[in-house]
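The residues of the chain are indexed from 1 along the displayed sequence. All values below come from the heavy atoms of this structure, side chains included, with hydrogens, waters and symmetry mates left out. Keep in mind the model is a prediction, meaning the values are calculated, not measured.
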Amino acid sequence: MSRDPHSSEHDPSQPGEEDLASTFVRESEVIEEAEEGGKKIRRKGVYLLPNLFTTSALFSGFFAMVAAVNGDFTTASIAIFIAMVLDGLDGRVARLTNTQSDFGAEYDSLSDMLSFGVAPGLVAFIWILQDIGKTGWVVAFLYVACAALRLARFNVQIGSVDKKWFIGLPSPSAAALVAASVWTFHSFDADAFGFKLLMLFVVGAAGVLMVSNIRYYSFKDVDLKGPVPFVFLLAIVLGFVVISIEPSVMLLLLFGAYVASGPVLALMRKLKHSPSAG
């Protein structure tokens with residue numbers, strides 16, 4: 001008696017049988033524990049909206065490296081700033097839509113490592129640090145390693161530090177300083193040996209500040225929902241106008257001031273509490 005090839009024995013819809021696509025979806029599913037209503041639940045799947053922003057930030061960081069390899073350092077620097085904006089949006093979107101998850105936090109951290117660790121270090125190295133030889137790539141690696149250590153320390157310190165302050169320079173700000181420096185100096189064709197040494201210092205200092213214990217203001221206590229004086233909005237508009245005049249220089253001054261604020265405030269606090277000051 002011949003078998004019917006269309007019999008239910010070969011029907012993937014029957015219980016206990018799956019086609020290849022269904023098996024892949026089932027075995028690759030993300031399952032994590034979450035707390036809802038005071039109870040622990042097992043949740044399948046990932047939230048799409050915040051992870052789209054994280055993926056876009058990851059893409060911008062990778063695109064920055066591709067642009068640097070192709071010699072387009074202005075585009076590479078701009079891509080890092082775009083990654084900063086997208087990275088700032090993913091967490092806020094997750095909180096606004098109540099779609100926070102452990103998966104999203106881990107994915108965001110890995111994206112930050114590439115966009116604010118590997119990408120700025122590689123862009124700076126390809127542009128000018130490689131001209132210094134071994135010292136150039138060692139300093140570039142120092143920056144990348146410090147970014148990884150900074151992110152790892154930040155992940156384990158969540159909830160145990162004052163939200164008003166960051167401990168160490170945030171990796172996006174370090175990346176912004178490096179990217180703005182590359183963008184500015186490259187725009188002015190600054191390739192003299194003095195600028196090479198300056199970039200060596202900028203990249204190395206940004207890396208060391210990331211893993212330091214110097215406190216940086218986080219701006220997390222700023223109330224964005226409450227009313228503010230009209231002059232605040234006017235100041236923001238003027239800020240955009242000033243930045244648009246010479247974006248690379250203005251961004252370098254802005255983030256340079258923020259990076260310098262940590263050591264300056266730390267020194268002021270130390271002088272204030274020193275015995276001689278009393």
Trainee: Rest of the hydrophobic cluster containing F201 (Ile/Leu/Val/Met/Phe/Trp/Tyr, side-chain heavy atoms under 4.5 Å)?
Mentor: none
Trainee: If Ile, Leu, Val, Met, Phe, Trp and Tyr residues are connected whenever their side-chain heavy atoms lie under 4.5 Å apart, and connections chain through other members, are W137 and L142 in the same group?
Mentor: no
Trainee: A side-chain contact here means heavy atoms from C-beta on lying under 4.5 Å apart; do L49 and T99 qualify?
Mentor: no
Trainee: Can you give each donor-acceptor pair under 3.5 Å made by side-chain atoms of residues 259-267, sequence neighbours left out, with the distance rounded to 0.1 Å?
Mentor:
from: S261; atom 1: OG; to: Y258; atom 2: O; distance (Å): 2.5

Trainee: Report, one line per pair, each donor and acceptor closer than 3.5 Å where one atom sits in a side chain of residues 241-256; sequence neighbours left out.
Mentor:
from: S244; atom 1: OG; to: F240; atom 2: O; distance (Å): 3.3
from: S244; atom 1: OG; to: V241; atom 2: O; distance (Å): 2.6

Trainee: Hey, is the main chain of A175 close enough, under 3.5 Å, to the side chain of Y143 for a donor-acceptor pair?
Mentor: yes
Trainee: List for me each residue that meets salt bridge (charged side-chain N to carboxylate O under 4.0 Å, His left out) alongside D72, sequence neighbours excluded, and say none if there are none.
Mentor: none
Trainee: Mind checking what makes side-chain hydrogen bond (donor to acceptor under 3.5 Å, both in side chains) contact with T74, not counting sequence neighbours?
Mentor: none
Trainee: To the nearest 0.5 Å, how far apart are CH2 in W165 and OH in Y216?
Mentor: 11.5 Å
Trainee: Side-chain heavy atoms nearer than 4.5 Å, only ILVMFWY residues, links allowed to pass through others: does that put V139 and V182 together?
Mentor: yes
Trainee: Please tell me whether V178 and F116 are part of a single hydrophobic cluster in this structure, the criterion being side-chain heavy atoms less than 4.5 Å apart.
Mentor: no
Trainee: Rounded at 0.5 Å granularity, tell me how far CZ in R150 sits from CG in D112.
Mentor: 10.0 Å
Trainee: Any side-chain heavy-atom pair from M199 and I132 closer than 4.5 angstrom?
Mentor: no
Trainee: Can you measure from CZ (F154) to OG (S171) and round to the nearest 0.5 angstrom?
Mentor: 8.5 Å
Trainee: Taking a hydrophobic cluster as the set of Ile, Leu, Val, Met, Phe, Trp and Tyr residues connected by side-chain heavy atoms closer than 4.5 Å, whether directly or through intermediates, do F63 and F53 fall within one such cluster?
Mentor: no
Trainee: What residues join L149 in its hydrophobic cluster, counting side-chain heavy atom gaps under 4.5 Å, either direct or through other members?
Mentor: V211
Trainee: Which pair of non-hydrogen atoms, one from L177 and one from A206, has the smallest distance, and what is that distance?
Mentor: CD2-CB, 4.4 Å
Trainee: Which heavy atom of D90 sits nearest a heavy atom of P50, and at what distance?
Mentor: CB-O, 3.5 Å
Trainee: Output all residues satisfying side chain to side chain contact (heavy atoms under 4.5 Å, CB included) with L58, sequence neighbours left out; order by chain, then residue number.
Mentor: Y107, S111, L114
Trainee: Could you work out, with side-chain hydrogen bond (donor to acceptor under 3.5 Å, both in side chains) as the rule, every residue matching N51, not counting sequence neighbours?
Mentor: none
Trainee: With the 4.5 Å side-chain cut-off for hydrophobic clustering, are F62 and V118 part of the same group?
Mentor: yes
Trainee: Closest approach of M210 and R153, non-hydrogen atoms and distance?
Mentor: O-NH2, 3.3 Å
Trainee: With no hydrogens and no angle check, do the side chains of S109 and N155 hold a donor and an acceptor under 3.5 Å apart?
Mentor: yes
Trainee: Do the non-hydrogen side-chain atoms of D87 and D108 ever get within less than 4.5 Å of each other?
Mentor: yes
Trainee: Using atom types as modelled, flag every donor-acceptor pair under 3.5 Å from a side chain in residues 119-129 to any protein atom, sequence neighbours excluded.
Mentor:
from: W127; atom 1: NE1; to: H186; atom 2: ND1; distance (Å): 3.3

Trainee: Residues in ring-ring contact (aromatic ring centres under 6.0 Å, His included) with F185, at least two apart?
Mentor: F195
Trainee: Side chains of T55 and F59, heavy atoms from C-beta outward: is any pair under 4.5 Å?
Mentor: no
Trainee: Using distance only, find each side-chain donor-acceptor pair of residues 76-86 under 3.5 Å and give its atom names and separation, not counting sequence neighbours.
Mentor:
from: S77; atom 1: OG; to: F73; atom 2: O; distance (Å): 2.9
from: S77; atom 1: OG; to: A179; atom 2: O; distance (Å): 3.2

Trainee: Taking ring-ring contact (aromatic ring centres under 6.0 Å, His included) as the test, write out the residues that go with F141, two or more places apart.
Mentor: none
